[in-house]
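Following: one structure in structure tokens, then a few remarks.
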Amino acid sequence: IDIQVWGWETLQQRIRGDQKALNAFDPGHSPVSDMLLSLGAENFELGSQIRDQGVVTLERLDVIQAIIASPVDTSRSGSFDTHLDGQVDQYRDLAITGKPRTALRLLEQLEATLTPGNSAAIRARVRANIGIAHLKLGDDITAGRLLVEAHTINPSDPRVIANRVLGQELLGDVTGAIEFARAAIAADPDNTGVATFIFQGAVDAQADFDPLELVPAALLEDKNVLLNRINWVRIKLKSDEWHGLAARAWELYPDDVIIERIYGEALLDQTLGTDMALRASAFDAGMRKTLSAAATHLHNVWQQARVYENASRPAWAMVGTNLATTYRALNQLDAARDTINDVLVIAPTDPDALATAAHVAFDRDEPE
């Protein structure tokens with residue numbers, strides 16, 4: 001349980017960083033409108049530092065991959081194990097909503113009670129979800145091994161088949177994973193899990209191949225398939241096409257925290273990801289509107305991610321760092337300071353967060 005006690009000074013800072021809260025307290029006031037009024041006379045220099053740091057932050061591709069690769073749960077077992085399925089549902093939800101360490105402990109305790117008398121479906125489901133918990137905690141090798149083991153327990157289940165593809169990829173056998181996935185998607189063209197990890201494999205594969213040649217068009221707007229397609233376009237193709245795909249994902253799935261994160265990063269990349277000189281006077285009204293939207297979405301995600309058990313992992317700390325960078329670009333320096341300080345409490349040794357904190361201090365004329 002995360003308990004915070006805020007005084008008025010802290011509330012003011014938080015209110016200034018949240019458009020909805022700001023409007024609720026003072027409908028006639030907006031920090032964005034204040035900024036627009038002052039930009040004509042203001043000529044602050046964000047400098048090359050923000051460009052360099054922004055590129056590093058926005059393109060930490062290794063941690064982006066860990067977030068977007070979303071393992072699929074295995075199917076339910078028979079009625080005999082219905083009560084166990086309910087337990088696994090609860091533990092799985094813990095793992096995917098920021099409490100993977102808690103979920104891992106509970107799942108391991110549950111697995112210790114299972115016997116050969118339990119169905120293969122429930123035993124595979126528990127083993128796979130233990131693997132998912134390890135993946136969320138950054139242990140890719142253990143996760144890969146467990147996902148492959150789940151397939152040996154229940155090899156006919158479509159979701160277990162999909163998880164085996166991811167398991168092989170996590171273990172470094174990308175070529176074998178793609179060959180297995182090629183056969184699996186041919187046998188079951190509706191398997192969205194396999195389609196998802198075909199795109200993930202295309203990112204990691206040594207030899208280039210086009211996953212769109214393997215994945216049926218009917219599956220391309222499935223949530224996890226779309227996320228991993230964005231990942232492929234962003235990392236492997238290095239194409240701005242991912243901006244449009246992120247907008248489409250947000251249109252289709254506006255309640256998903258990972259999609260909101262990707263959409264916020266896309267909006268940020270559309271502005272700070274360019275080679276233009278990053279001066280406040282260079283941002284036109286449209287660019288400022290885009291940056292403000294990016295700040296809103298990244299703020300929403302960070303408020304959820306900051307209390308995760310694994311919030312210190314670079315994959316999640318990067319959300320707060322990107323949010324602080326966005327506030328810098330908007331000249332909302334109090335919000336940038338508060339955000340990056342929040343990140344450093346959670347991840348005090350994260351190099352991107354430390355660099356951003358230094359940039360914010362310079363912006364605020366606090367060289368000490």
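Please read these numbers as outputs of a predicted model, since none were measured by experiment.
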Between side-chain atoms of residues 339-346 and protein atoms elsewhere (two or more places apart, or another chain), which donor-acceptor pairs fall under 3.5 Å?
from, atom 1, to, atom 2, distance (Å)
T339, OG1, A335, O, 2.8
N341, ND2, R337, O, 3.3
D342, OD1, R306, NH2, 3.3
D342, OD2, W302, NE1, 3.2
D342, OD2, R306, NE, 2.7

Which pairs, with at least one residue in residues 164-186 and sequence neighbours excluded, count as a salt bridge (Lys or Arg N to Asp or Glu O under 4.0 Å)?
-> E179-R182
Pairwise side-chain contact, N310 with R101, heavy-atom cut-off 4.5 Å (strictly under) | no
CZ of R229 to OG1 of T196: how many Å apart, nearest 0.5 Å?
-> 12.5 Å
To the nearest 0.5 Å, atom CD1 of I122 lies from atom CG of L110 at 7.0 Å
Looking only at heavy atoms, what is the nearest atom pair of A317 and A347, with distance?
-> CB-CB, 4.1 Å
Hey, is the main chain of N231 close enough, under 3.5 Å, to the side chain of N228 for a donor-acceptor pair?
-> no
Do the non-hydrogen side-chain atoms of L226 and K223 ever get within less than 4.5 Å of each other?
-> no
Within a radius of less than 6.0 Å around NZ of K289, do more than 12 heavy atoms belonging to other residues, nucleotides or ligands occur?
-> no
Check the pair L166, L135 against side-chain contact (heavy atoms from CB on, under 4.5 Å), reporting the backbone distance first and the verdict last.
-> CA-CA 11 Å; L166 176 61; L135 181 62; 4.3 Å; yes
Give the intermediate values and the outcome of side-chain contact (heavy atoms from CB on, under 4.5 Å) for residues E111 and L107.
-> CA-CA 6 Å; E111 186 175 50; L107 284 163; over 6 Å; no
Nearest 0.5 Å, what's the CD1-CD1 distance between I185 and I198?
-> 5.0 Å
Verify same cluster id: F362, L272 (apolar side-chain graph, 4.5 Å) = no
Do the side chains of N163 and H151 get nearer than 4.5 Å, heavy atoms only?
-> no
Please report the shortest heavy-atom distance between A246 and I262, naming the atom on each side.
-> CB-CG2, 4.0 Å
pair L212-F199: side-chain heavy atoms closer than 4.5 Å = yes
With a 4.5 Å limit on heavy-atom distance, are the side chains of N322 and E265 in contact?
-> yes
Evaluation steps, side-chain contact (heavy atoms from CB on, under 4.5 Å), between I141 and L170 = CA-CA 6 Å; I141 299 302; L170 292 172; over 6 Å; no
Do E241 side-chain atoms and V233 backbone N/O form a donor-acceptor pair below 3.5 Å?
-> no
Output yes when a side-chain donor or acceptor of R123 lies under 3.5 Å from a complementary backbone atom of N118, and no otherwise.
-> yes
Can you tell me how far NE2 of H299 sits from CD of Q304, rounded to the nearest 0.5 angstrom?
-> 10.5 Å
Could I get the full list of ring pair (Phe, Tyr, Trp, His ring centres under 6.0 Å) partners for W250, not counting sequence neighbours?
-> Y263, H297
Going from CZ on F197 to CD1 on I161, what distance comes out if it is rounded to the nearest 0.5 angstrom?
-> 13.0 Å
Ion pair present between R125 and D89, side-chain N to carboxylate O less than 4.0 angstrom?
-> yes
Heavy-atom side-chain contact between D334 and R364 under 4.5 Å = yes
Under a 4.5 Å side-chain heavy-atom rule over Ile, Leu, Val, Met, Phe, Trp and Tyr, are V148 and I153 clustered together?
-> no
Considering all heavy atoms of both residues, which atom of I178 and which atom of A202 are nearest to each other, and what is their separation?
-> CD1-N, 4.5 Å
Treat each ILVMFWY residue as a node, draw an edge where side-chain heavy atoms are under 4.5 Å apart, and state whether V307 and L323 are in one component.
-> no
Tightest non-hydrogen contact, residues A124 and V160, listed as CB-CG2, 4.5 Å
Are L267 and T271 close enough that some pair of their side-chain heavy atoms sits under 4.5 Å apart?
-> no
Identify the two heavy atoms, one from L333 and one from V360, that lie closest to each other, and give their separation to 0.1 Å.
-> O-CG1, 4.4 Å
Give the minimum heavy-atom separation between N154 and A121, together with the two atoms involved.
-> ND2-CA, 3.7 Å
R313 side-chain N/O to K136 backbone N/O, donor-acceptor pair under 3.5 Å = yes
Linking I/L/V/M/F/W/Y whenever any side-chain heavy atoms sit under 4.5 Å apart, do I230 and V194 land together?
-> yes
Report yes or no: do L354 and W316 belong to one cluster of Ile/Leu/Val/Met/Phe/Trp/Tyr joined by side chain heavy-atom distances under 4.5 Å?
-> no
From D222 CG over to D190 CG, what is the distance, rounded to the nearest 0.5 angstrom?
-> 11.0 Å
Would you mind reporting whether Q109 and Y91 have side-chain heavy atoms less than 4.5 Å apart?
-> no
